[in-house]
Student: 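Could you have a look at this structure, given as structure tokens, before my questions?
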There are 2 protein chains.
Amino acid sequence: MFSKSTEYALRAVIYIAKWSSESNKLGIEPIAKAIDSPKSFTAKILQKLTRNNRLILSVTGPNGGFYMTEEAKETSMMKVLMLLEEDHIITKCVLGLQECSETNPCPMHSRYKLIKPLLKDMFESKTIRHLIEELDEENITLGNVLSIGRKQK
Amino acid sequence: MFSKSTEYALRAVIYIAKWSSESNKLGIEPIAKAIDSPKSFTAKILQKLTRNNRLILSVTGPNGGFYMTEEAKETSMMKVLMLLEEDHIITKCVLGLQECSETNPCPMHSRYKLIKPLLKDMFESKTIRHLIEELDEENITLGNVLSIGRKQK
DNA sequence: GACGAAAAAGACAAAAAAATCTTAAAATTT
DNA sequence: AAATTTTAAGATTTTTTTGTCTTTTTCGTC
Ligand code: FES
Ligand code: FES
């Protein structure tokens with residue numbers, strides 16, 4: 001559904017939202033370990049997200065790291081996807097036509113148009129806050145169980 | 001949603017289903033032109049699909065080309081996706097965890113699990129036959145309107 | 001059997017995505 | 001101000017995906 005970068009970004013954002021605050025910043029090392037992603041690559045991705053300071057904030061130096069404000073934690077997943085410029089599930093055509101629309105639909109369109117709004121709604125209605133609440137539930141996770149104890153890159 | 005290869009494959013399959021028969025085979029040239037895809041690349045993709053002779057058939061030589069039997073046109077889109085080994089929308093996790101399941105769900109799972117069956121149903125219930133019938137409707141297309149008259153690669 | 005038309009096969013190239021490594025900058029502590 | 005810790009930036013590499021080109025094989029026709 002999404003590219004690796006986006007998957008890492010989403011997991012990282014949720015993790016940061018869950019465990020950080022203005023007074024408790026998280027380093028890239030623990031983040032990457034927790035969400036089971038390549039460290040430097042994840043750093044790159046987070047850097048991009050800190051650029052406009054809309055979602056994730058960061059400070060350098062000792063006790064520095066990444067964090068989010070309580071306000072930012074209310075952001076919808078749809079907004080996060082837009083920041084990542086990965087909202088194609090909502091915009092693109094199943095068969096890869098240049099645009100998915102009523103004007104020039106593909107043969108799958110009549111069926112897909114019924115599902116697309118549901119997908120969109122899923123990402124619009126879920127905020128980061130909702131997801132970190134899910135993380136309190138039993139079993140729910142951001143890393144791969146299988147990878148526990150695996151060597152970190 | 002899908003890779004370029006898969007998009008080309010799906011469009012090509014639908015096109016072949018629509019315009020070919022045992023007595024009327026289609027060359028790669030007209031196929032690629034109609035679905036607006038790179039010719040040689042599409043040839044590669046179709047070759048893979050003819051390997052097991054399950055969906056598309058081909059013959060070399062004069063009056064040769066690609067075609068489908070009437071029987072094959074009853075194949076569901078889900079089966080086509082499986083032949084292409086691209087059924088990840090149905091199997092993979094939104095956040096990229098190694099598996100999407102109740103055992104070890106991600107925080108999006110509780111919501112996504114409601115939509116996944118709908119997506120699956122969409123591909124399972126639509127057969128190629130259904131899609132070629134759609135193509136009879138006004139406006140419905142497999143190529144890009146914008147690309148009409150564009151130079152072919 | 002030679003010729004031509006088609007797909008099949010395979011080598012190669014380009015572009016994009018994913019990942020790593022190195023150096024710089026920033027901030028804190030001493 | 002030096003040392004340390006952390007992210008930022010950038011260069012580079014690797015892998016995957018996409019695309020092209022050339023040669024081979026197959027088959028029908030003359
Ligand atoms: S046009 Fe193809 S899904 Fe809408
Ligand atoms: S586990 Fe992530 S969507 Fe099911």
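Basis for what follows: all heavy atoms, side chains included, without hydrogens, waters or symmetry-related copies. Within every chain, numbering begins at 1; the chains are lettered A, B, ... in the order of the sequence lines, protein sequences first and strands thereafter.
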Student: Among the nucleotides D/dT5, D/dT20, C/dA5, which one has an atom lying closest to any side-chain atom of B/P62?
Tutor: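 Side chain of B/P62 sits closest to C/dA5.
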Student: Starting from C1' on D/dT17, measure out to CD on B/E7 and report it in whole angstrom.
Tutor: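 About 13 Å, once rounded to whole Å.
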Student: Parallel, tilted or perpendicular for A/F2 and A/H88, by the 30°/60° rule?
Tutor: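 If you compare the ring of A/F2 with that of A/H88, the planes turn out tilted.
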Student: Which is true for A/I28 with a 4.0 Å heavy-atom rule: it touches a base, it touches only sugar-phosphate, or it touches nothing?
Tutor: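 Since only primed, P, OP1 and OP2 atoms lie under 4.0 Å of A/I28, the category is sugar-phosphate.
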Student: Once you round it to whole Å, what is the distance between C1' of D/dT17 and NZ of A/K4?
Tutor: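 It is 14 Å, rounded to the nearest whole Å.
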Student: Kindly say whether, by distance alone, the side chain of B/K44 makes a donor-acceptor pair under 3.5 Å with the base of D/dT20?
Tutor: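 Under the 3.5 Å cut-off, the side chain and the base do form a donor-acceptor pair.
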Student: Going by modelled atom types, is there a donor-acceptor pair between the base of D/dT26 and the side chain of B/T60 at under 3.5 Å?
Tutor: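 Pair found.
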Student: Is A/S40 close enough to C/dA19 that one of its side-chain N or O atoms is under 4.0 Å from OP1 or OP2 there?
Tutor: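 No, no such contact exists.
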Student: Determine: side-chain N/O of B/Y8 to OP1/OP2 of D/dT18, distance under 4.0 Å, yes or no.
Tutor: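 Looking at the OP1 and OP2 atoms of D/dT18, neither is under 4.0 Å from any side-chain N or O of B/Y8.
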Student: Give me the atom names and distance for the closest heavy-atom approach of A/M68 to A/L55.
Tutor: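 Taking A/M68 first and A/L55 second, the nearest heavy atoms are CG-O, 3.3 Å.
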Student: Whole angstrom is fine here: how far is it from OH in A/Y67 over to P in D/dT6?
Tutor: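 Nearest whole value for this atom pair: 16 Å.
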Student: Hey, is the side chain of B/S5 poking within less than 4.0 Å of OP1 or OP2 on D/dT18, counting only N and O atoms?
Tutor: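 Checking D/dT18 against B/S5, a side-chain N or O does come within under 4.0 Å of OP1 or OP2.
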Student: In terms of side-chain heavy atoms of B/F66, which of C/dT20, C/dA7, C/dT28 is nearest?
Tutor: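 Closest of the options to the side chain of B/F66: C/dA7.
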Student: Run A/D121 and A/K126 through salt bridge (charged side-chain N to carboxylate O under 4.0 Å, His left out) and show every step you take.
Tutor: CA-CA 8 Å; A/D121 185 59; A/K126 281 273 177 191; over 6 Å; no
Student: Output the rounded distance in Å from NZ (B/K39) to C1' (C/dA5).
Tutor: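 B/K39 atom NZ is separated from C/dA5 atom C1' by 13 Å.
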Student: Provide, to the nearest angstrom, the distance between the CZ atom belonging to B/F41 and the C1' atom belonging to D/dT17.
Tutor: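 The answer, rounded to whole Å, is 7 Å.
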Student: Write down the distance between CZ (A/R11) and C1' (C/dA18), rounded to a whole number of angstrom.
Tutor: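 The answer, rounded to whole Å, is 14 Å.
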Student: Base, sugar-phosphate or nothing for B/L26? Non-hydrogen atoms, less than 4.0 Å.
Tutor: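 The residue B/L26 makes sugar-phosphate contact but no base contact.
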Student: Without decimals, in angstroms, what is the distance between B/K48 NZ and C/dG10 P?
Tutor: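 The distance from NZ of B/K48 to P of C/dG10 comes to 14 Å, rounded to the nearest Å.
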Student: Less than 3.5 Å apart, any donor N or O on the side chain of A/T69 or A/E22 sitting next to an acceptor on the other?
Tutor: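 No, no side-chain donor-acceptor pair sits under 3.5 Å.
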Student: Which sits closer to the 5' end of DNA chain D, B/N63 or A/N63, going by the nucleotide each is nearest to?
Tutor: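 On the 5' side of the pair lies A/N63.
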Student: Measure the distance from NZ on A/K25 to P on D/dT6 and round it to the nearest whole Å.
Tutor: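 The answer, rounded to whole Å, is 12 Å.
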Student: Closer than 4.0 Å, any side-chain N/O of B/T50 to the OP1 or OP2 of C/dA8?
Tutor: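 For B/T50, the contact criterion (side-chain N or O under 4.0 Å from OP1 or OP2 of C/dA8) is met.
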Student: Between D/dC21, D/dA9, D/dT18, which nucleotide has the shortest distance from any of its atoms to the side chain of A/R51?
Tutor: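 For A/R51, the side-chain atoms sit closest to D/dA9.
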Student: Check the hydrophobic clustering (I, L, V, M, F, W, Y; side-chain heavy atoms under 4.5 Å; chains of links allowed) and say if B/Y67 and B/L83 are grouped together.
Tutor: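 As far as the 4.5 Å side-chain criterion goes, B/L83 and B/Y67 are not connected within one cluster.
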